[in-house]
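Before any comments, here is the structure.
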Amino acid sequence: MFVQEQAFGARPLLRDLARERLRDEIMAGVLAPGTLLDDGDLARRLRCSRTPVREALSDLELAGLVERRANRYTRVALPRAADIVPTLQALGLLYGGLVRVSVPRLEDTARTALGRRIGALLDTVRLGDWDAVTNTAAPVYRSFIESCDNPVLCSALRGSIDALTFRLRHEDLPTALPWDQIANGVVALRLAVEGNDGRLAERALWSMHLLPDPDRPA
């Protein structure tokens, strides 16, 4: 059941609560890709009316987590094999510049925490724990966002993480990507973060996202 009151007496919208609940269930796999979503069933389960559920589903459709076809179905989106490489490259393009400017600004505590998160990502890549790769990658991206002092850019990037990492959750992921190159890129990113080198961090991020070296002339 939803909690109506938040700290300082703020009263969240049921639409927002429904969206966050459904988003969390989709990202956690509780609502698996392809699961049909009936607004009446969801309203009863979430103990609210259909209107906020429908509004939440519209928001999640815009975020890329829900697919709808008029008079046919509303369902959790289905990741597609053809989207794996373009999605990975999109993440690299979105975060490359951010990494370059944010790494030199990291405070020691944030740098240490980010190093641990990059290490966890490297472990999942090396172990071939494909289900965990996207789960360990998302905190790395969020760490870079937290170090950014541009609120507009932060908002835009936060809105991209879930949809893009969700698109990578396809059964072909283990065979679709050059994992040795990605692992080497993750190692290089960790070293660049430890060395406080934004330029090298950007190059490492581009490498692990299958993009050409940003400092090499086309």
Side-chain angles (χ1 to χ4, degrees), residues 1-84 86-88 90-91 94-95 117 120-121 124 129-146 148 150-174 176:
M1 183 175 181
F2 293 136
V3 177
Q4 295 294 316
E5 298 291 338
Q6 289 184 323
F8 309 110
R11 194 174 184 83
L13 296 175
L14 286 175
R15 169 186 189 156
D16 296 336
L17 290 166
R19 182 184 63 246
E20 292 308 302
R21 172 76 173 273
L22 294 174
R23 171 212 162 276
D24 289 347
E25 292 185 358
I26 291 171
M27 296 305 295
V30 176
L31 292 173
T35 300
L36 295 176
L37 302 170
D38 180 81
D39 55 12
D41 291 341
L42 292 173
R44 284 188 290 274
R45 182 162 68 83
L46 301 179
R47 300 186 185 182
C48 63
S49 68
R50 290 190 178 195
T51 298
V53 170
R54 288 170 178 166
E55 293 172 341
L57 291 174
S58 293
D59 290 344
L60 293 171
E61 181 182 15
L62 289 173
L65 298 180
V66 166
E67 298 173 338
R68 294 202 288 189
R69 297 293 181 271
N71 302 316
R72 292 181 60 192
Y73 61 77
T74 299
R75 69 187 184 190
V76 178
L78 287 168
R80 294 169 175 80
D83 291 338
I84 293 175
T87 296
L88 192 69
L91 280 164
L94 284 170
Y95 285 88
R117 290 167 184 164
L121 173 60
T124 59
D129 189 351
W130 314 120
D131 290 336
V133 166
T134 53
N135 291 332
T136 53
V140 173
Y141 298 125
R142 290 194 176 95
S143 292
F144 288 120
I145 292 174
E146 290 166 3
C148 176
N150 184 320
V152 176
L153 179 59
C154 289
S155 178
L157 290 175
R158 285 194 186 98
S160 73
I161 293 177
D162 289 340
L164 289 173
T165 56
F166 181 80
R167 285 174 180 268
L168 295 174
R169 296 182 178 183
H170 190 278
E171 60 184 9
D172 289 352
L173 185 68

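Remark: L22 CG to E20 CD distance equals 9.5 Å, nearest 0.5 Å. Rounding to the nearest 0.5 Å gives a distance of 11.5 Å between CZ of R45 and CG of D38. Once rounded to the nearest 0.5 Å, the distance linking CD1 of I84 with CG of L168 reads 7.0 Å. In this structure, the separation between CG on D83 and CG on L88 is 12.0 Å, given to the nearest 0.5 Å. L42 contributes atom CG, which lies 6.0 Å from atom CG of L57 (distance to the nearest 0.5 angstrom). Here the straight-line distance linking atom CG of L91 with atom OH of Y141 works out to 4.5 Å at 0.5 Å rounding.
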Worked check of side-chain contact (heavy atoms from CB on, under 4.5 Å) between N135 and R169: CA-CA 10 Å; N135 291 332; R169 296 182 178 183; 2.8 Å; yes
Check against side-chain contact (heavy atoms from CB on, under 4.5 Å), L65 and M27: CA-CA 9 Å; L65 298 180; M27 296 305 295; 4.1 Å; yes
Derivation of the side-chain contact (heavy atoms from CB on, under 4.5 Å) call for I145 and Y95: CA-CA 9 Å; I145 292 174; Y95 285 88; 3.5 Å; yes
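Salt-bridge formation is detected for the pair R19/D16: a Lys NZ or Arg NE/NH1/NH2 atom is positioned less than 4.0 Å from an Asp or Glu carboxylate oxygen. Salt bridge status for E25 with R21: present, with a side-chain N to carboxylate O gap under 4.0 Å.
Between C48 and V53, the closest heavy-atom pair is SG-CG2, 3.7 Å. Listed here is the closest heavy atom pair of A32 and V76: O-CB, 3.3 Å. Considering every non-hydrogen atom in both A77 and G64, the closest pair reads CB-O, 3.6 Å. Taking all atoms of both residues into account, the shortest heavy-atom contact from L94 to S160 is CD1-OG, 4.0 Å. For the residue pair P52 and R15, the shortest heavy atom distance occurs at CB-N, 3.7 Å. In plain terms, the two heavy atoms of A63 and A163 that are nearest each other are O-CB, 2.6 Å.
Remark: side-chain polar atoms of R80 are paired, donor with acceptor, to backbone N or O of L78 under 3.5 angstrom. With hydrogens and angles disregarded, a donor-acceptor distance shorter than 3.5 Å links the side chain of S143 to the backbone of P139.
With a 4.5 Å cut-off on side-chain heavy atoms, S58 and R68 count as touching.
A132 pairs by the side chain to side chain contact (heavy atoms under 4.5 Å, CB included) definition with T124, D129, not counting sequence neighbours. With sequence neighbours excluded, the residues that form a side chain to side chain contact (heavy atoms under 4.5 Å, CB included) with R54 are D39, R50. Here T51 pairs with S49, E55 under the side chain to side chain contact (heavy atoms under 4.5 Å, CB included) rule; sequence neighbours left out.
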